[in-house]
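All ligand and atom numbering here is 1-based and tracks the order in the structure.
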Amino acid sequence: MTDYLAHKPVMVNEVAELLVYEARGIYVDGTAGSGGHLSFFAGNYPEAMFVGVDIDPEAVQFLLNKFAGATNVRILRGNYADLPELLQGMGIAKVHGVLLDLGISTHQALSAERGFSIKNPGPLDMRFSADQKVTAYQLVNKLSEDQLAEILYKYGEEPKARKISKAVVEARKMKPLETTDELANLVVRTVGYSRGRIHPATRVFQALRIATNQELENLEEALPRLLGVLREGGRLAVISYHSLEDRIVKQFFKTWEEEGQGVRLTKKVIKPSLEEINDNPSSRSAKLRVFMKGVGGSEK
Ligand SMILES: C[S@@+](CC[C@H](N)C(=O)[O-])C[C@H]1O[C@@H](n2cnc3c(N)ncnc32)[C@H](O)[C@@H]1O
């Protein structure tokens with residue numbers, strides 16, 4: 001059973017302070033998820049308009065119900081990389097701000113049937129949307145040992161990537177690995193499990209999710225397009241949870257600033273307070289970066 005209420009939005013105050021600069025502006029939450037950030041924004045800035053986008057049809061259904069009575073929120077299903085086209089469909093050319101809160105929401109992480117969960121057995125799926133062709137099952141059962149090891153090492157920073165991919169290739173000679181628990185148990189048998197440490201398959205699951213959804217490629221393709229939909233003075237805020245994601249965001253923002261396309265509002269990355277981490281341990285790896293388009297402009 002999917003628990004949408006389990007997700008706590010990360011750094012809401014910090015994001016709002018840097019993103020929402022014009023009280024009557026139009027803002028997009030490109031990864032609206034359970035609507036945590038969106039609720040906060042819509043409640044605190046009643047004169048602004050907020051567009052919530054998510055690629056996951058289940059999340060979109062939840063958001064449509066949640067915001068059914070909200071006059072300043074619109075919900076759309078889509079990939080944030082397609083934001084220019086999605087906005088064009090609503091007759092909007094430019095917006096004041098875009099937020100991306102990357103990764104996975106708590107409801108997805110806990111959902112057994114979506115195949116993201118190490119603890120709740122389900123099919124090896126891990127797609128954000130059923131439209132996507134490749135599933136984690138295909139990666140686990142069809143890639144060569146080297147290809148699999150590269151994914152685990154690159155996207156999961158898994159030091160035992162080679163040992164695990166060798167074990168996967170051995171195991172699937174008998175029969176394909178079909179479920180999350182088959183894979184998680186195989187990782188435990190291969191590398192061991194020390195009490196008190198994170199589950200040894202955590203990095204493997206993260207790597208497969210990133211590869212299945214081509215998350216880094218999508219982010220790289222999307223960032224310039226998102227800059228394109230901002231008006232002068234508009235802001236792009238990105239919360240990332242993975243060092244490779246953060247590196248991509250950091251590099252784009254730096255390059256844009258060097259090119260004179262605007263300025264970084266976060267010269268130093270912003271991280272959640274200790275208080276927030278205590279209250280919501282899933283926020284611990286979050287990093288917020290914000291870019292403002294145009295040097296001093298504030299076109300309205
Ligand atoms: C960390 S959650 C966002 C949570 C949200 N900020 C909240 O407060 O409830 C990330 C969301 O991004 C969505 N997502 C992932 N990739 C996406 C993409 N390419 N386009 C749109 N949404 C995406 C996921 O489906 C998930 O719901």
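- Atoms of ligand 1 lying under 4.0 Å from at least one heavy atom of S105, given by number and element, are 2 (S).
- Heavy atoms of E215 stay at 4.0 angstrom or farther from ligand 1.
- If you look at N213 next to ligand 1, there are no close heavy atoms at all, none under 4.0 Å.
- The N/O atoms of D101, backbone and side chain alike, include one that comes under 3.5 Å of an N/O atom in ligand 1.
- A heavy-atom separation below 4.0 Å is not found between V10 and ligand 1.
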| task | Start with the C-alpha gap between N79 and N218, add the side-chain angles, then the distance that decides, and say whether side chain to side chain donor-acceptor pair (under 3.5 Å) holds. | result | CA-CA 9 Å; N79 187 329; N218 192 63; 2.9 Å; yes
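- By the criterion of a heavy-atom distance under 4.0 Å, neither the backbone nor the side chain of A81 is placed next to ligand 1.
- Within the 4.5 Å cutoff, side-chain heavy atoms of I75 are placed close to those of L38.
- Contact check for L236 versus F253: side-chain heavy atoms found under the 4.5 Å cut-off.
- Between D56 and ligand 1, a contact under 3.5 Å exists for no N or O pair.
- Inter-residue side-chain proximity for D56 and R114 is flagged as met; some heavy-atom pair is nearer than 4.5 Å.
- Aromatic ring orientation, Y27 versus Y21: perpendicular (interplanar angle above 60°, classes split at 30° and 60°).
- When G33, S129, G30, S34 are checked for heavy-atom proximity to atom 21 (C) of ligand 1, G30 turns out nearest.
- Note on E276 versus R284: no salt bridge recorded, every NZ/NE/NH1/NH2 to OD/OE distance being 4.0 Å or above.
- Listed by atom number, the atoms of ligand 1 under 4.0 Å from G36 heavy atoms are 7 (C), 8 (O), 9 (O).
- The two residues I210 and H242 have their closest heavy-atom pair at CD1-CD2, 3.5 Å.
- Of the polar atoms of G35, at least one N or O is found under 3.5 Å from an N or O of ligand 1, judged by distance alone.
- The aromatic rings of F50 and F41 sit parallel, their planes meeting at an angle under 30°, below the 60° perpendicular limit.
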| task | Determine, step by step, whether R231 and E22 satisfy the salt bridge (Lys or Arg N to Asp or Glu O under 4.0 Å) criterion, reporting the C-alpha distance in whole Å, the side-chain angles of both residues, the deciding distance to 0.1 Å, and the verdict. | result | CA-CA 12 Å; R231 48 176 63 213; E22 164 58 49; over 6 Å; no
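- Between L102 and ligand 1, not a single N/O pair is under 3.5 Å apart.
- For atom 14 (N) of ligand 1, the nearest non-hydrogen atom of the protein is I55 CG2, 3.8 Å.
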| request: Would you check, one step at a time, whether the test side chain to side chain donor-acceptor pair (under 3.5 Å) holds for D146 with S144? | output: CA-CA 5 Å; D146 282 350; S144 70; 5.5 Å; no
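- Taking 4.0 Å as the cut-off, G78 counts as a neighbour of ligand 1 on heavy-atom distance.
- Within 6.0 Å of CD on E182 lie more than 12 heavy atoms contributed by other residues, nucleotides or ligands.
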| request: Before giving the answer on side chain to side chain donor-acceptor pair (under 3.5 Å), spell out for Q132 and T212 the whole-Å C-alpha distance, their side-chain angles and the decisive distance to 0.1 Å. | output: CA-CA 9 Å; Q132 294 161 229; T212 300; over 6 Å; no
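- Where the criterion is an N or O separation shorter than 3.5 Å, residue side chain and backbone included, F128 fails it with respect to ligand 1.
- Between atom 3 (C) of ligand 1 and the options L63, L86, D54, T31, the minimum heavy-atom separation is to T31.
- Looking at atom 18 (C) of ligand 1, its nearest protein heavy atom turns out to be Y80 CD2, 3.3 Å.
- For ligand 1, the polar-atom distance check finds no N/O of H107 at less than 3.5 Å from any of the ligand's N/O atoms.
- Only the side chain of N218 comes within 4.0 Å of ligand 1, judged by heavy-atom distances.
- Remark: among candidates G103, P9, A32, the nearest residue to atom 5 (C) of ligand 1 is A32, based on non-hydrogen atoms.
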